[in-house]
Amino acid sequence: MATLALAGRQDGASAALDELSRNFTYGALSSGNGSLSGAWYRRNQIHLFGVLLAILGNLVISISLNIQKYSHLQSAHRERPRPFFRSVLWWAGLVLMALGETGNFAAYGFAPITLIAPLGCMSVTGSAIISVMFLKENLRASDLLGMTLAFAGTYLLVNFAPNITQAVSARTIQYYFVGWQFLIYVILEILIFCILLYFHKRKGMKHIVILLTLAALLASLTVISVKAVSGMITFSVTDKMQLTYPIFYIMFIIMIASCVFQVKFLNQATKLYNTTMVVPVNHIFFTTSAIIAGIIFYKEFLGEAFLTIFIYLFGCFLSFLGVFLVTRNREKEHLSQSYIDFGNIPGKQMLDKIQPGSNSLSYGTLPEGSDSTESQSGEKKAV
């Protein structure tokens, strides 16, 4: 018996090593099974299409965010700023964001959740690159390191994500929806959500971890329903109509409701904390929640080797670290003041504006006739 157990462990280890060698083989296109081989490409062609849609969608989202940011900067430099919704650039950014989110939505219909969800790091790194090129922001050493880690993590994610091809039909979703694994998962999620919501509403606790955990719990339902809706639409186009089943509309309602309340908690977090804190923490929480949801509902890691799972998780860690380095202390660079604030001098009550605008001829001087100048002249006469 001991000999059989030892042989079984050796077979498992050799299978994991074979999987690792297949993923890192760059042999001939005819016979190899590696990342660039013809067999690997044919086996993962549908997944690669989903990955391409997700990456392009995230890049379009990063472009849209920078266009909207440029629109706000233009409006701030005008003598009479006008509302942002009257700016053509702002609307162009909004249209691009809708296109990017549509690409992300469609990607879930072609690839597993555990492959698409972590690719959100491409939006953060793409936004950093575009802001350096077009908005003339500073490129830091931490940005370069973070982008390198994010790209390396994305490569590992694409290569070692679950290699399953599911036809997401209405009957499949119904089968998963009433499975005991998902029912236990939903009950635990509802309990945790209610406990955190009690501390948030009744006790007034507004810590960033509580707010983003509430958003992440809703995000797990969002990605499950998004993949279900997108997969059933894809199945309807390629095979048989699925939009007549009630489960499609149930999933559609869950998708809309979870998105609305998720955005509500994210908005609360962005109002209370800096974006440099919200973005990396939300990316980590959202990705972790989405991966767990994909494993439990769609059984995406079923039958995968331990070494493949470990390298996949290591790729997630690299992308998390890359997002943290790119967003770290980015907003603090824009908070430096161009003048000295004299409003904090002990014993001085300042009632007027301390400093005229930088475009004014009296920039750097105190306004004439102000209480502060009169108090200073009175002190000089007393002396």
Side-chain angles (χ1 to χ4, degrees), residues 61 65 68 84 97 101 104-105 108 113-114 116-118 120-121 123-124 173 176-229 246-247 249-298 313 316-317 319-321 323-324 327-332 335:
I61 290 172
L65 292 174
Q68 288 184 327
F84 62 88
M97 182 176 291
E101 293 295 351
N104 274 333
F105 173 80
Y108 283 101
I113 291 175
T114 49
I116 299 300
C121 64
S123 177
V124 179
I173 298 300
Y176 288 152
F177 196 76
V178 297
W180 65 268
Q181 300 95 333
F182 179 66
L183 293 178
I184 293 175
Y185 173 72
V186 168
I187 292 172
L188 291 175
E189 190 171 81
I190 291 174
L191 287 175
I192 296 173
F193 185 86
C194 291
I195 292 172
L196 292 177
L197 192 62
Y198 171 78
F199 283 106
H200 173 60
K201 294 292 185 181
R202 297 293 183 181
K203 301 296 184 179
M205 298 178 65
K206 297 182 179 180
H207 195 273
I208 186 172
V209 173
I210 293 178
L211 292 172
L212 295 184
T213 302
L214 290 169
L217 292 174
L218 292 170
S220 65
L221 297 178
T222 302
V223 295
I224 289 173
S225 56
V226 164
K227 181 171 178 60
V229 172
I247 191 65
Y249 299 96
I250 293 173
M251 285 296 183
F252 184 80
I253 293 172
I254 293 174
M255 179 183 70
I256 298 299
S258 59
C259 280
V260 170
F261 288 103
Q262 182 184 347
V263 170
K264 178 182 176 182
F265 289 116
L266 283 176
N267 284 335
Q268 291 183 14
T270 53
K271 288 179 181 178
L272 295 174
Y273 300 94
N274 291 332
T275 308
T276 53
M277 293 178 61
V278 175
V279 170
V281 176
N282 180 61
H283 175 68
I284 294 172
F285 283 16
F286 170 82
T287 305
T288 304
S289 177
I291 291 172
I292 295 173
I295 292 173
I296 293 176
F297 190 86
Y298 292 101
L313 295 177
C316 290
F317 171 75
S319 67
F320 294 162
L321 186 59
V323 169
F324 172 75
T327 57
R328 184 175 63 95
N329 297 331
R330 179 164 289 276
E331 282 192 352
K332 293 182 179 180
L335 297 179

(message) Apply side-chain contact (heavy atoms from CB on, under 4.5 Å) to residues Ile291 and Ile113 and explain how you reach the verdict.
(response) CA-CA 7 Å; Ile291 291 172; Ile113 291 175; over 6 Å; no
(request) Might you work through the ring-ring contact (aromatic ring centres under 6.0 Å, His included) test for Phe182 and Tyr176, ending with a clear yes or no? (result) CA-CA 7 Å; Phe182 179 66; Tyr176 288 152; 9.5 Å; no
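Considering CZ of Phe177 and CD1 of Ile224, their distance stands at 9.0 Å, rounded to 0.5 Å. Once rounded to the nearest 0.5 Å, the distance linking CE of Met251 with CD1 of Ile247 reads 4.5 Å. With values rounded to the nearest 0.5 angstrom, Glu189 atom CD is found 4.5 Å from Leu221 atom CG.
His283 has its side chain out of reach of Val124: every pair of non-hydrogen atoms, C-beta onward, lies at least 4.5 Å apart. Taking the side chain as every heavy atom from C-beta outward, Phe265 and Leu197 approach each other to under 4.5 Å. Thr222 is not listed as a side-chain neighbour of Ile254, based on a closest heavy-atom distance of 4.5 Å or more. Side-chain contact between Phe324 and Val281: absent, with no pair of heavy atoms (C-beta onward) separated by less than 4.5 Å.
Side-chain N or O atoms of Tyr273 include one that pairs as donor or acceptor with a backbone N or O of Ile208 at under 3.5 Å. A distance-only check finds no donor-acceptor pair linking the side chain of Thr287 to the backbone of Ile284 [under 3.5 Å].
Judged by the 6.0 Å and 45° rule, Lys227 forms a cation-pi pair with Tyr298.
Around atom CZ of Phe320, more than 12 heavy atoms belonging to other residues, nucleotides or ligands sit under 6.0 Å away. The local environment of CZ in Phe261 is sparse, with at most 12 non-hydrogen atoms from other residues, nucleotides or ligands closer than 6.0 Å.
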